[in-house]
Amino acid sequence: MLLHIALQEGFHHDEVRVLVDAREALANGDVTTRRQTGYAGSVDLDVTRSPVMVEVVLSKRGVTQRKSVSVDRPTYVGLSLTMEGEVVWKLSHEPFGYL
Amino acid sequence: MKEHDHIDQESLAEASEAARPGIEPLLPIIPWPPRIRVSGLYVASRIVTPPIPAPGPLPIQPVPIPQPLPGMVPTSAAPWQIEELLPWGLLREELRLDVDGRYPQMMASGTLYGVLAKRVHWIARLTASGPNAWTGSIWFKDGDVAGFPYTTVDITTTATFLSSQRRAVVRLSGGGTSVRTRTLAFKSPYFRSVEFEFDCATAVTATTKIGTHDHPNRPATLPNETLSIEEVYRRVGFDVRKSGSDTIVPIGDAGTNARWSDNEMHDAMQVYWSRFAGKAQWSLWVFFAKLHEQGTNLGGIMFDDIGPNHRQGTAIFNDSFISTAPTGDAKPVAWVERMRFWTACHEMGHAFNLAHSWQKQHPPDWGTPWIPLANEPEARSFMNYPYNVSGGQTAFFSDFGYRFSDNELVFMRHAPERFVQMGNADWFDHHGFEQASSSPEPSLKLNLRVERAQATYQFLEPVVLELQLTNIGPRPLVLEKELLSMADHMTVIVKKRDKPARQYLPFARYCHNMQAQVVMPGEFVTDSLFISVGRNGWDIAEPGYYTIQIALHMETEDIVSDALTIRVAPPRGYDEEFVAQDFFSDEVGRILNFDGSAVLRGGNDTLREVSDRFGDRAVAYHARVALAAPLAKDYKVLDMGDRMGEMASAKEAGGRLRRAAPHIEEARQLYTSALLEKKDQAIATLGRTDYEYYLGRFRAALVEHGAVLKKEPRDVRRDAKREKIGDVEHTMRVIKEALSSLKEQEPVPR
């Protein structure tokens, strides 16, 4: 089943690791949001069980967060950062669109 | 007349909306009593003063006093006292009054343009204080605000159907200074002008207009009309024009399903946009294609954050997710058309430097907002994502009036031009002369020249420009004699490719005794400009391409030169790279700029090294003339004894002026090597003007130290005349004669 994880708003030269069930799904040492679109990067995974544990690690900010995500149908996870550096999770069953 | 008609049509449309919201009138409703819209742009320009009268008995025809240009409004009330407050002089003034018409923001903004680069921009929030009168506090200032202390503005308009007679009287007060009152003439119902070009990839159709009632999910009060992108931006306050060159961008071998990268679109923009110019301008390229390489999840993008001029190009991807209507939508075709239209307006908004509605507040490392702003996550604005508001896109479009938010309108109408204009960036970056006040029929032309066929310079070689100011008008002109050597009369911009532009700041400014000279039609005056290094450091040093442009500030206008591009070649080898670390220093820069120093020993050592090791290179000529100058004459040096280098007053340190004796033989060798041995090469690198100057200094030094010039009085007068007109060959003959006479005498003591 499709699990799409997108890095969206608020990233600025961040070092980002995303793990799904403790396996590295995305790792990038310099993630910056393109402000015209609010998009910074994404990864598509084919997962075989649900739920999965999604963990995001922002090492420069010293932030680690994890969330259990149900993937019983195509699932889209958006990760954004607030001005205070907190991670905001957005779950959807519709693809994200950027403009 | 056409402009007037447009206002009337606009007024009718507004009246119809107000009278019967949401219901299409069967007959136009004529408002009564008639409302006269006063919002728009008002302007005034400086009334020029007559030039300096010609001195002497020369038979010069009288120079007529220039008449005010169209749009200038002479005022009787204390004209132009602002010059007393603004040390840079005022050339042009604008007022944007925003109190009626579409989406009035009850704001006024003004811009006062002085001589080049000098500008004050202000914005005030208004309340009505009477019929056709408003008052408000100035809450935003930008630019050269030190001479603009005002805090309050009062505006009164002359309401008349004849736009040519419409006026705004602007009274600025507060800030502990006297009141300033100006009358400005109505110019346009729009605040600014902009131009669009819509180009499409092969087999792609641009959606540039829609019927507002085509989709049933809309506000009940939304007027039924055919709305175009141009009209959306006219309602923002722009006088929108089309370039007239909408075209198809062929994708050739790429195939009809080709996806576009940002760089490919940028390339296409350079090739197919009829207005592409690589500079800031109120012009925008809008490209309609099928898909971006990111895929269907990207509906559009303002792709142009490439190169020095951003925000000039934007793209809409017709085959992306915006072409998929929600399942079960009542009118999916209309939904898609509306979404494509909305996306085009949205992406174009980015080109006007608008952020998304939820990005108004952001971390400091993203940059500085023009004013503190609050996020507007629920705004029914072109800059919000319809599907991100509470209730999703259905809720958004049920309450969407095809407009921008008030904050966004204030920005586009009233923010300083450079914040909004496409391709603009920080002041001085790439387009330093956008605000020059040039005459449409200038009487002078400024040329930048170099003494070589190709403007390529060796590594380490200082750049000396020849400035030539030519009278291209039909009448004689009276100019200050030292005009081209007075740095405070000019602004010089140096821009290395792909780097921000820099303003050249000379080490010194000279105060000359004002002397006028008459320049006849077709005649010119010249001078040199040593431009490589100044108070900013070395503006021209690294290998690469540099563009140089100069604006000369005259009494009534700015004379802007064409841009001159030069190239600095890479170093010839490791030796040059190595010595460059010492050469591109402040000391060496000052020595070269001031033609020598007896005290900057480190810099002189570097120049000696350059002269010895790179004798065949152009830089050696500059090093030798700089080393020769202090050796050729008595030189006064401040001797601070043991306290040399300390921050102490000369008196406190027991300092005294010491005379350094000349070293004429060494000076003679250096001058001879630099000026006489390879004359053409010397002129090419030193510039003709400076070459003549150095020859004169050399000759004077020789004479001062014993050279005998055997001449009759008649010859002396003739020689003086020939030297005055720059006869280099003659001066060289004189010098050689002087050198011969020295050989016949006893050696000069060192």
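As the structure is a computational prediction, the values presented were derived from the model and not from experiment. We name chains A, B, ... by the order of the sequence lines, and we start the count at 1 in each one.
For B:Phe317, no part lies near chain A; criterion is any non-hydrogen pair under 4.5 Å. Contact of B:Met383 with chain A is not made at all, since no heavy-atom distance falls under 4.5 Å.
For the atom pair CZ of A:Arg35 and CE of B:Met302, the computed distance is 10.0 Å after rounding to the nearest 0.5 Å. From B:Asn388, atom CG reaches atom CZ of A:Phe96 across 9.5 Å, with rounding to the nearest 0.5 Å.
The contact list for residues 321-331 of chain B toward chain A, using heavy atoms and a distance under 4.5 Å, reads B:Phe321, B:Ile322 by residue number. When the heavy atoms of residues 36-52 of chain A are compared with those of chain B, the residues falling under 4.5 Å are A:Gln36, A:Thr37, A:Gly38, A:Tyr39, listed by number. When the heavy atoms of residues 68-81 of chain A are compared with those of chain B, none of the residues falls under 4.5 Å.
Checked against side-chain contact (heavy atoms from CB on, under 4.5 Å), A:Thr64 has the following partners two or more places apart in sequence or in another chain: A:Glu55, A:Val57, A:Arg66.
With respect to A:Leu99, the side chain to side chain contact (heavy atoms under 4.5 Å, CB included) criterion is satisfied by exactly one of B:Thr343, B:Ile301, B:Asn297: B:Thr343.
Nearest heavy atoms, B:Phe303 versus A:Arg34: O-NH2, 3.5 Å.
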(request) I would like to know whether A:Glu94 and B:Tyr387 meet side chain to side chain contact (heavy atoms under 4.5 Å, CB included); could you show each step before the answer? (result) CA-CA 11 Å; A:Glu94 298 292 332; B:Tyr387 39 85; over 6 Å; no

